[in-house]
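Structure record follows, encoded as structure tokens.
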Amino acid sequence: MTHSEIDAIIERYENKPSSILAILQDIQTKEKYLPKEALERIGEKLGMPVNKIYRIATFYRALSLTPRGRHEVCVCMGTACHVRGAQRIVDQIKLELGIRPGETTKDRNFTLETVNCLGVCAAGPVVAIDGQYFGKMSPAKVDGTLKKFRSDKKKEGANDKA
Amino acid sequence: MIKLSSPQDLDQYRYQILSHRRPDQPVITVCGGTGCHASGCHAVVDAFKKVLQEKASDNGVALRVTGCHGFCERGPLVVVHPKKIFYQKVKPEDVLEIFEETVLNGKILEGLLYEHPATGKKVVFEEEIPFYQKQKRIIFGNNGSIDPTRIEDYLAVGGYRALAKALFSMKPEEIIREVKKANLRGRGGGGFPAGLKWEQCRNAPGATKYVICNADEGDPGAYMDRSLLEGNPHSVLEGMVIGAYAIGSQEGYIFVRHEYPLALENIGIAIQQARELGLLGRDILGSGFSFDIKISRGGGAFVAGESTALMATIEGNVGEPRAKHIHTVVSGLYDKPTNLNNVETWANVPVIISEGADWYAKIGTEGSKGTKIFSLVGKVNNTGLVEVPMGITLREIVYEIGGGIPDGKRFKAVQTGGPSGGCIPESMIDLPVDFDRLTEVGSMMGSGGMIVMDESTCMVDVAKYFTNFLKDESCGKCTSCREGTKRMHEILTEISEGKGRPEHLDWLEELGWVTMEASLCALGGTAPNPVLSTLKYFRQEYEEHILNKRCPAKVCRALLHYRILPDLCTSCGRCAKACPEKAITGVPKKKKEKGEPFVIDQQKCIQCGMCLETCKFNAVEVQ
């Protein structure tokens with residue numbers, strides 16, 4: 001990310017230090033993480049110590065200091081999903097991808113995350129991949145759902161979506 | 001778009017919108033709520049668009065994607081107007097038939113109707129379905145009929161009429177009096193009287209005052225605020241503008257959690273449209289009153305939904321709560337008087353102003369007036385959002401609206417109030433639901449999550465789940481909360497792994513008490529509720545884990561044993577293929593040979609339960 005790109009985002013929020021969270025979120029969306037250089041540049045532009053920015057960057061779950069995968073697999077751990085077996089869904093995805101929540105696969109295709117509630121409680125257990133919701137999940141459905149997002153099966157996935 | 005500069009302009013514009021609408025016009029509405037999204041409504045919408053494009057160029061059939069209807073269990077939902085024929089579980093391949101048979105010829109498709117679970121009779125209209133019959137949808141009712149991205153739809157159902165009434169025929173003090181008389185209590189958790197809060201904020205010294213809508217709906221298992229913001233954002237805006245006028249505020253914020261992208265989008269569109277029409281911004285409806293709203297996006301921290309933490313986040317600081325020796329109505333956002341209410345509370349305001357406090361106060365109980373939207377989820381047949389009058393019993397909600405427990409299982413408890421709430425046992429199922437009664441039994445209203453649990457839900461596991469949640473979400477400022485939730489979670493984990501000791505139960509009670517007493521904000525102050533309420537009502541289940549190393553609900557993995565029953569095993573080998581640890585062996589059957597029953601190697605078994613799930617012959621037993 002170039003300095004001018006970062007500056008453009010900061011200017012969108014009128015160079016206001018109070019918009020720090022929104023600025024970091026926009027960079028996160030674009031880069032899928034917060035590069036160190038970006039944090040330093042923001043500090044320079046807003047006149048904010050980098051340690052304060054770092055504190056915010058590590059406080060919120062939506063922000064990450066390490067690069068994320070192309071697809072974000074979000075398993076809902078809300079109460080409604082929990083009583084319907086969300087833990088077993090996470091366990092199954094952990095087995096299939098070989099990573100723990102918060103980690104990214106070696107090929108950088110998947111990042112696994114758990115969230116406290118996606119707000120789709122009626123359809124639980126719910127998994128969201130790149131914002132697309134998959135309701136009434138079961139451990140047996142995990143493989144088929146992930147398949148749609150495996151890089152080598154991209155085309156196939158698009159076809160069986162319907 | 002024209003700018004409305006008087007209440008007459010507003011009436012005229014509404015009249016103009018309505019005059020373009022024929023009551024007999026065929027309109028297909030598809031529920032676009034998140035629940036229906038999870039069951040594939042976008043494909044249904046696309047299919048309708050395609051059919052309409054191909055077949056209905058000039059017969060005036062309209063398609064409307066609405067907000068959440070509430071009956072998420074049966075999605076995707078489609079309603080065909082003007083007759084309001086209600087179809088459920090609609091698939092893209094049903095679309096052409098719906099169009100040709102129902103829309104064009106008025107024929108009802110039996111296969112897509114809801115079937116009454118008791119009588120087996122097909123139900124044609126939404127209001128005749130038992131799920132809706134006991135509800136009173138004064139806040140949520142318009143969700144199913146309006147397109148949230150079109151302000152015209154909201155105006156057509158009488159939207160912004162309450163705002164005109166408030167601005168032109170009521171003084172700010174009168175509005176506050178009306179809200180106090182209606183006894184509107186905050187729907188976000190605490191149940192503090194909204195009118196009183198408004199009054200304190202109005203009377204606080206200082207010219208700059210802020211109004212905030214808390215849409216950081218963090219309680220797991222609750223999603224009514226999401227559905228209101230997504231499905232009827234203008235009702236929330238209208239409530240905020242009325243509140244701002246009563247309080248004397250010119251600037252407001254809506255704080256939306258980032259997990260709700262559609263809510264963010266729809267409220268953004270709504271603000272833009274309201275501004276363009278002159279219902280928000282400078283000189284609203286020519287009244288001389290100005291008020292504008294900014295959107296602030298959360299960052300995925302549960303504690304940031306606490307009022308002082310939320311304000312810190314808007315200011316660009318880390319979302320940690322502060323002590324409230326001075327209330328936020330006196331010194332809140334940027335140290336200015338600030339009034340914060342949640343989404344559902346704001347959405348109640350226009351109803352109170354247009355219908356009057358007397359009408360409103362007739363609904364509900366002595367101390368809790370009006371309705372409450374609950375998300376009825378978990379182990380219940382009809383999951384979804386339900387709006388009921390305060391004072392309705394849990395039994396009515398779970399059995400009559402919710403249709404009881406699936407698979408013939410036994411009801412065990414209802415969890416209300418999110419991580420701050422508690423579990424209410426079966427013996428209290430006739431409890432009338434309102435703010436005070438729920439608190440009396442050791443739970444709370446919270447934001448309205450209602451998670452039904454059956455015999456296969458383990459209460460130790462539920463307590464462990466919530467303490468895990470709270471230890472992660474505790475901001476760490478108070479030692480009692482940071483360490484208390486962590487230690488409680490450690491003890492509960494030991495109990496669930498069969499390492500529990502009898503004294504653990506006393507420790508949990510003591511830790512709970514200290515955490516509650518010594519923490520600054522409500523997160524720590526209520527954090528032990530899930531532990532203490534389950535200990536109080538389900539102590540036996542804890543003792544079973546500790547003394548007999550058994551989990552009666554068969555949830556705690558470390559205490560389970562899986563076994564294949566040789567008599568029932570058909571040697572199909574499906575379980576062996578599914579087993580991630582390759583712990584199952586046997587001789588699979590071939591065309592003519594019978595094969596031999598499969599066996600689980602207990603040393604290798606990780607109790608994942610895949611064998612139980614894949615076996616089609618009920619040959620896997622768990623103990």
Side-chain angles (χ1 to χ4, degrees), chain A residues 13 16-26 28 46 48 52 55-63 74 76-88 91-92 95-96 113-124 126-128 131-140 161-162, chain B residues 34-35 37-39 43 72-73 75 92 217-223 226-227 258-261 296-302 304 313-320 375-379 383-385 415 418-419 449 451-453 457 461-462 465-466 469 472-473 475 578 580 608-610 613-614:
Chain A
Y13 296 98
K16 277 190 187 154
S18 63
S19 300
I20 180 72
L21 179 57
I23 293 167
L24 294 177
Q25 280 174 316
D26 283 5
Q28 171 81 39
L46 297 181
M48 211 184 227
K52 191 182 173 190
R55 191 165 172 232
I56 291 170
T58 51
F59 187 82
Y60 295 101
R61 264 172 183 247
L63 306 171
C74 255
C76 180
M77 301 302 277
T79 325
C81 290
H82 178 81
V83 300
R84 288 186 180 186
Q87 188 56 49
R88 296 185 52 221
D91 291 345
Q92 190 59 28
L95 275 173
E96 300 243 352
E113 277 297 343
T114 55
V115 292
N116 286 333
C117 184
L118 285 166
V120 200
C121 317
V126 175
V127 174
Q132 193 184 336
Y133 299 107
F134 297 90
K136 302 213 168 143
M137 285 296 290
S138 68
K161 208 172 122 188
Chain B
T34 312
H37 261 278
S39 44
C72 312
E73 174 71 31
E217 185 177 46
D219 276 6
Y223 65 110
R226 167 183 209 154
S227 290
H258 89 113
E259 287 89 342
Y260 290 178
S296 192
R297 197 168 20 144
F302 175 72
T313 309
I314 296 179
E315 290 170 3
N317 295 316
V318 167
E320 283 179 356
S375 68
L376 185 62
V377 292
K379 306 284 188 68
T383 55
L385 290 177
Q415 204 280 342
I451 295 101
V452 182
M453 298 169 174
T457 312
D461 178 69
V462 168
Y465 163 78
F466 280 116
F469 176 94
D472 286 349
E473 294 299 338
C475 74
C608 72
M610 279 300 273
E613 193 172 327
T614 41

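Each chain gets a letter, A, B and so on, in the order the sequences are listed, and its residues count up from 1. Computed from heavy atoms alone, side chains included, the values below leave out hydrogens, waters and symmetry copies.
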### Query
Under 3.5 Å, is there a donor-acceptor pair between the side chain of A:Tyr60 and the main chain of B:Gly319?
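Yes: the side chain of A:Tyr60 pairs with the backbone of B:Gly319.
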
### Query
Is B:Arg226 reaching over with its side chain to a backbone N or O of A:Leu118, donor-acceptor style, under 3.5 angstrom?
yes

### Task
Tell me, please, which residues at least two apart from B:Glu315 pass salt bridge (charged side-chain N to carboxylate O under 4.0 Å, His left out).
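Salt bridge (charged side-chain N to carboxylate O under 4.0 Å, His left out) check on B:Glu315 returns nothing, list empty.
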
Under 4.5 Å, counting heavy-atom pairs only, tell me which of [options] racks up the most with chain A.
options: B:Thr614, B:Asp472, B:Val318, B:Val377; value: B:Val318
options: B:Gly384, B:Ser375, B:Cys72, B:Cys608; value: B:Cys608
options: B:Phe302, B:Tyr465, B:Tyr223; value: B:Tyr465

Distance-minimising heavy-atom pair for [X] and [Y]:
X: A:Val120; Y: B:Ala38; answer: CG1-CB, 3.8 Å
X: B:Val452; Y: A:Val83; answer: O-CG2, 4.4 Å
X: B:Glu613; Y: A:Pro139; answer: OE1-CD, 3.1 Å

Separation of [Y] [atom2] from [X] [atom1] (nearest 0.5 Å):
X: B:Ile451; Y: A:His82; atom1: CD1; atom2: NE2; value: 11.0 Å
X: B:Glu73; Y: A:Lys136; atom1: CD; atom2: NZ; value: 4.0 Å
X: B:His258; Y: A:Arg61; atom1: NE2; atom2: CZ; value: 9.0 Å
X: A:Ser19; Y: B:Arg297; atom1: OG; atom2: CZ; value: 10.5 Å
X: B:Glu217; Y: A:Cys117; atom1: CD; atom2: SG; value: 7.5 Å
X: A:Thr79; Y: B:Gln415; atom1: OG1; atom2: CD; value: 5.5 Å

Between [options], which residue shows the highest count of heavy-atom pairs closer than 4.5 Å to chain B?
options: A:Val126, A:Ile56, A:Asn116; result: A:Asn116
options: A:Gly135, A:Cys121, A:Ala62; result: A:Cys121
options: A:Cys74, A:Ala123, A:Ala122, A:Gly131; result: A:Ala122
options: A:Pro17, A:Ser18, A:Gly85; result: A:Ser18

#### Entry: B:Ser227: partners by side chain to side chain donor-acceptor pair (under 3.5 Å), with sequence neighbours left out
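B:Ser227: no side chain to side chain donor-acceptor pair (under 3.5 Å) contacts found.
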
Less than 4.5 Å to any heavy atom of chain B: does that hold for the side chain of [X], its backbone, both, or neither?
X: A:Asp91; value: side chain
X: A:Gln92; value: side chain
X: A:Arg55; value: both

Taking side chain as everything from C-beta outward and backbone as N, CA, C, O, which of these in [X] sits under 4.5 Å from a heavy atom of chain A? Side chain, backbone, both or neither.
X: B:Leu385; value: neither
X: B:Met610; value: both
X: B:Ala222; value: backbone
X: B:Thr457; value: side chain

### Task
Run the numbers on B:Thr383 and A:Arg84 for side-chain contact (heavy atoms from CB on, under 4.5 Å), then give the verdict.
CA-CA 12 Å; B:Thr383 55; A:Arg84 288 186 180 186; 3.1 Å; yes

